[in-house]
Amino acid sequence: MTDILKEIVNVAIEGVKEIYQADISPGDLLVTPTKKEHKGDFTLVTFSLAKALRQSPPQIAASLGEYILQARSWVNDTEVVQGFLNISLSSSYWSSVLDEMIREPDYWKPVHAPEKVLVEFSSPNTNKPLHLGHIRNILLGWATYKMFVAAGYNVNRVQIVNDRGIAICKSMLSWNKFGEGQTPESAGMKSDHFVGEWYVRFEKEFSKEYKAWQQTAEALEIFEARKEQELTEEEFFKNYKNQYFNLYSLLGAEAKEMLLKWEAHDPETIQLWKKMNSWVYTGFEETYKKLGVEFDKLYFESDTYLLGKDIIEEGVRRNVFYKKDDGSIWVDLTSQGLDHKLLLRKDGTSVYMTQDLGTAQKRYDEFGAERMVYVVGDEQNYHFQALFAMIGAYGAPYAKGLYHLSYGMVDLPEGKMKSREGNVVDADDLIDVVLKEASDAASEREVNDPDIIRKIGMAALKYFIVKVDPRKRMIFDPKASVDLQGQTGPYIQNAYVRIQSILRKAGENNSGHDTYEPIEDEKLLLNMLSQCRQIIDSAVKEYNPALIANYAYALAKEYHRYYHDVKVLHAESEAAMSFRLKLIRVIGENILNTMDLLGIEMPDRM
RNA sequence: GGCUCCGUAGCUCAAUUGGAUAGAGCAACGCUCUUCUAAAGCGUAGGUUACUGGUUCGAACCCAGUCGGAGUCACCA
């Protein structure tokens with residue numbers, strides 16, 4: 001497929017040489033799609049040439065326009081508006097674009113070397129079910145995977161499951177103490193929610209214990225001794241919670257003891273841990289299935305948390321890392337504007353950095369990935385900066401291919417999600433709500449195929465999240481997310497459905513080889529389609545699926561308008577009908593393909 | 001407080017990376033179904049792009065400052 005933007009740049013360079021005897025490089029020129037209010041398909045911006053050519057932008061535009069019109073048969077017309085040269089391409093050019101798209105079904109895919117890429121996403125803790133934040137993470141990870149595959153990369157999906165540590169011990173302890181042998185089955189609950197309940201129960205019991213403690217003489221003594229700042233008693237104890245957990249709490253002591261037992265491989269503890277985690281995994285699996293995602297490999301923190309120590313030893317030997325007098329090991333990242341970072345505690349135990357270092361190496365060994373993408377929230381920006389800097393300092397061969405796909409938190413209209421305040425939006429609940437909404441709307445239209453309803457509901461939810469630039473913090477309004485009208489997933493699905501409906505009625509209608517002169521709307525649609533490859537390329541390069549979401553919407557919107565204005569099956573001529581059938585088929589496939597990159601499915605009717 | 005990021009219509013988001021008169025959707029108000037599916041289309045209204053200055057042919061975007069918000073600054077993840 002010819003790259004028309006490049007062609008325009010080429011002919012412009014040629015023209016400059018011819019008219020001004022001057023050499024310019026492609027970088028000096030900007031070609032963009034023409035704004036809707038002006039006539040033309042592409043616009044050449046000439047301001048940047050004025051200085052070098054010693055002429056005013058409008059003059060340059062005028063003479064270049066004349067040259068281009070002469071030099072290329074596919075240019076139909078040019079028009080100068082200030083320093084902008086608007087170029088209209090010929091009808092036959094646009095017809096040939098359509099033919100090419102049919103001949104080359106991959107016209108929309110950017111082409112990259114088949115580099116190996118690893119995408120890590122989801123990566124939940126195993127003490128409670130997935131929530132809204134995970135959904136954003138998962139959708140971003142999935143879309144990244146899909147678009148990298150489309151661009152020709154060889155991609156593997158992984159997650160690291162945080163299956164050990166104090167959090168899961170809290171759930172375990174709580175179930176042990178209060179659970180009375182209940183199981184998800186006996187409680188009639190989805191199994192990850194069941195485990196989450198025990199975590200919540202722990203926090204409740206702990207709060208009770210903490211409140212009671214605050215009345216004791218011991219607590220008041222501590223408060224009096226430490227209130228150097230002007231904190232109220234309430235504020236003080238709010239801040240003191242963690243220290244209380246570690247120093248005084250009975251429940252805290254029990255949870256920590258359980259963690260120690262776990263680390264000592266105590267059989268009973270391990271058995272309990274396995275049981276509760278298996279409940280969680282069964283539940284996660286269900287949720288992933290509903291979201292339509294899967295993974296190639298799971299890493300478990302319980303397997304990897306001891307990794308990285310040999311790398312650190314090696315680093316110390318090579319003077320990349322250093323040992324303090326107390327035996328702890330550090331890295332100095334001040335040369336890169338960062339801090340000193342701890343890598344190994346003085347007692348020789350790992351911190352997260354240690355583990356991440358080891359895991360990266362392990363993945364490189366196992367997959368040989370030249371690029372590793374970590375989909376992780378932006379509260380960990382600093383951590384990843386440090387991690388990558390460290391791996392760079394260490395000189396690992398995969399250092400330059402590391403990327404943190406950082407995304408903003410998801411807020412609710414009433415503010416931040418806080419598990420403490422119990423306003424966390426649960427993933428399964430959310431899915432149920434959108435499906436219910438889709439079902440209600442569908443029944444009004446006498447649609448009751450559950451598979452169609454599922455596709456519509458999930459499209460609404462997914463599109464609502466994935467259309468936002470990942471880097472930006474976003475507000476998730478549950479009411480707006482179930483909307484089926486306007487800039488939504490179902491709106492785009494509807495464009496697709498309308499196309500399928502026409503194609504079904506048309507049957508095998510491939511006659512009409514007469515030449516047909518496409519109208520403006522059709523040129524515009526073809527222009528949009530031909531930009532698809534560029535858009536996806538940008539999405540890949542910027543790790544930004546929202547670009548694809550916005551593209552698909554713009555295309556669907558344009559199509560809806562076209563659908564309203566132009567008849568396909570009752571076209572004015574055979575040639576027109578044949579052309580339009582081809583056009584809408586390509587549009588439908590394009591919508592299907594681009595939305596698939598976002599994990600959004602298309603129904604055939606709705 | 002140090003560092004990082006953000007601030008665009010009442011609300012949720014765009015803006016082809018410095019280009020034309022800053023665009024969509026929602027909400028509001030009108031209009032269009034005997035039509036290839038109205039989950040649609042058309043129109044009206046809504047803006048000093050937080051503020052001030054600077055850079056230049058040209059700034060929401062770059063620079064400086066101010067104000068407001070978020071994140072982070074753990075031997076947490």
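Hydrogens, waters and symmetry mates play no part in the numbers below; they use all other heavy atoms, side chains included. The sequence lines fix the lettering, A, B, ..., with proteins before strands; numbering per chain opens at 1. These numbers come from a predicted model, not from an experiment.
- Look at CD on A/E558: it is 14 Å from C1' on B/G23, rounded to the nearest Å.
- When all heavy atoms are compared, the tightest approach of A/Q55 to A/I60 is O-CD1, 3.6 Å.
- Counting non-hydrogen atoms under 4.0 angstrom, A/P33 reaches a base of the nucleic acid.
- Looking at A/K346 and A/D326, their side chains come closer than 4.5 Å, going by heavy atoms from C-beta outward.
- Evaluation of A/Y563 against the base of B/A40 yields no stacking contact (centre distance < 5.5 Å, interplanar angle < 30° required).
- In this structure, A/L49 and A/L29 have side chains that are in contact, with non-hydrogen atoms separated by less than 4.5 Å.
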Set out, line by line, the N/O atom pairs under 3.5 Å between protein and nucleotides 25-31 of chain B.
unit_1	atom_1	unit_2	atom_2	d
B/G25	OP1	A/K557	NZ	3.4
B/G25	O2'	A/Q487	N	3.2

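- Look at CE on A/M577: it is 11 Å from C1' on B/C36, rounded to the nearest Å.
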Exercise. If the sugar-phosphate is the primed atoms plus P, OP1 and OP2 and the base is the rest, what is the B/S/- string for nucleotides 70-77 of chain B, using protein heavy atoms under 4.0 Å?
Worked result: SSS--BSB

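- Put simply, CG on A/L29 is 15 Å from C1' on B/G18, counting in whole angstrom units.
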Nucleotides 59-61 of chain B: which of its N/O atoms have a protein N/O under 3.5 Å away?
none

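- Out of B/A14, B/A20, B/C36, the shortest distance to the side chain of A/K472 is found at B/A14.
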For this session: Under the ring-ring contact (aromatic ring centres under 6.0 Å, His included) rule, what do A/F206 and A/Y244 come out as? Steps first, then yes or no, please.
Result: CA-CA 10 Å; A/F206 172 71; A/Y244 170 74; 5.7 Å; yes

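- Residues meeting the ring pair (Phe, Tyr, Trp, His ring centres under 6.0 Å) test with A/H340, sequence neighbours left out: A/Y322.
- Between B/C11 and B/G19, the distance separating the two C1' atoms is 30 Å to the nearest Å.
- Across all strands, A/S538 comes closer than 4.0 Å to no nucleic acid atom at all (heavy-atom distances).
- In the set B/A14, B/U12, B/C36, the nucleotide with an atom closest to the side chain of A/F464 is B/U12.
- A gap of 29 Å separates the C1' atoms of B/U66 and B/G46, to the nearest Å.
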For this session: Could you walk me through whether A/V376 and A/F384 pass side-chain contact (heavy atoms from CB on, under 4.5 Å), step by step?
Result: CA-CA 9 Å; A/V376 180; A/F384 280 100; 3.7 Å; yes

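- Remark: C1' of B/U16 and CG of A/L555 are 16 Å apart, rounded to the nearest angstrom.
- Going from the P atom of B/C57 to that of B/A74 covers 47 Å, rounded to whole Å.
- By the stacking rule of 5.5 Å between ring centres and under 30° between planes, A/H38 stacks on the base of B/A20.
- Judged by closest nucleotide on RNA chain B, A/T32 is the one of A/T32 and A/R605 placed further toward the 5' end.
- Dashed line: the shortest gap from a side-chain N or O of A/K505 to OP1 or OP2 of B/C36 is not under 4.0 Å.
- Nucleic acid contact class of A/N86 (heavy atoms, under 4.0 Å, all strands): base.
- Checked by atom type, the side-chain pair A/D339/A/Y382 shows a donor-acceptor distance below 3.5 Å.
- The CD-C1' distance, from A/Q385 to B/C5, rounds to 11 Å in whole Å.
- Under the ring pair (Phe, Tyr, Trp, His ring centres under 6.0 Å) criterion, A/Y299 pairs with no residue, sequence neighbours left out.
- The separation of B/U72 from B/A59, taken at their P atoms, amounts to 37 Å, rounded to a whole angstrom.
- Put simply, CD1 on A/I475 is 11 Å from C1' on B/G69, counting in whole angstrom units.
- With hydrogens and angles left out, the side-chain atoms of A/E301 and A/T304 include no donor and acceptor closer than 3.5 Å.
- Of the candidates B/A15, B/C57, B/C36, the closest approach to any side-chain atom of A/L547 belongs to B/A15.
- Each salt bridge (Lys or Arg N to Asp or Glu O under 4.0 Å) pair with one or both residues in residues 554-567 of chain A, not counting sequence neighbours, appears once here: A/K36-A/E558, A/E558-A/R561.
- With sequence neighbours excluded, the residues satisfying side-chain contact (heavy atoms from CB on, under 4.5 Å) with A/R136 are A/L140, A/Y407, A/V410, A/I465, A/V468, A/M474.
- With B/A14, B/C36, B/G41 as the candidates, the nucleotide lying closest to the side chain of A/D469 is B/A14.
- Taking atom P on both nucleotides, B/A38 is separated from B/U21 by 37 Å, rounded to a whole Å.
- At the heavy-atom level, A/V45 lies under 4.0 Å from base atoms of the strands shown.
- Applying the side-chain contact (heavy atoms from CB on, under 4.5 Å) rule to A/P129 yields the partners A/D192, A/H193, A/D426; only residues at least two apart in sequence or on another chain are considered.
- Every residue two or more places apart in sequence or in another chain that forms a side-chain hydrogen bond (donor to acceptor under 3.5 Å, both in side chains) with A/E522 is listed here: A/Y516, A/Y562, A/R580.
- More than 90° away from 0 lies the glycosidic angle of B/C26, which makes this nucleotide anti.
- No contact: A/D565 has no heavy atom under 4.0 Å from any strand.
- Rounded to an integer number of Å, the gap from CE of A/M606 to C1' of B/C36 is 16 Å.
- The residue among A/P470 and A/L484 whose nearest nucleotide of RNA chain B is located toward the 5' end is A/P470.
- B/C3 and B/A15 have their P atoms separated by 29 Å, given to the nearest Å.
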Problem set entry | Steps toward side-chain contact (heavy atoms from CB on, under 4.5 Å) verdict (A/F84, A/F47) | CA-CA 8 Å; A/F84 300 95; A/F47 294 93; 3.7 Å; yes

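- Nearest nucleotide to the side chain of A/E37, out of B/A20, B/A40, B/G19: B/A20.
- Contact annotation: A/R561 reaches the phosphate of B/C42 (side-chain N/O to OP1 or OP2, under 4.0 Å).
- Judged by distance alone, with hydrogens and angles left aside, A/N494 brings no side-chain donor or acceptor close enough to the base of B/A38 to form a pair under 3.5 Å.
- Aromatic ring centroids of A/F388 and A/Y374 lie under 6.0 Å apart.
- Residues meeting the side-chain contact (heavy atoms from CB on, under 4.5 Å) test with A/S481, sequence neighbours left out: A/V434, A/F464, A/F476.
- Here A/K479 pairs with A/D477 under the side-chain contact (heavy atoms from CB on, under 4.5 Å) rule; sequence neighbours left out.
- Within 4.0 Å (heavy atoms only), A/I166 reaches no atom of the nucleic acid at all.
- Rounded to whole Å, atom P of B/C11 lies 16 Å from atom CD of A/E414.
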Problem set entry | Strand RNA chain B as a dot-bracket string - pairs counted if Watson-Crick or G-U with both distances under 3.5 Å, | where the partner lies in another strand | (((((((..((((.....[...)))).(((((.......))))).....(((((..]....))))))))))))....

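- Taking the 5.5 Å centre cut-off and the 30° plane limit, the aromatic side chain of A/Y491 is not classed as stacked on B/A40.
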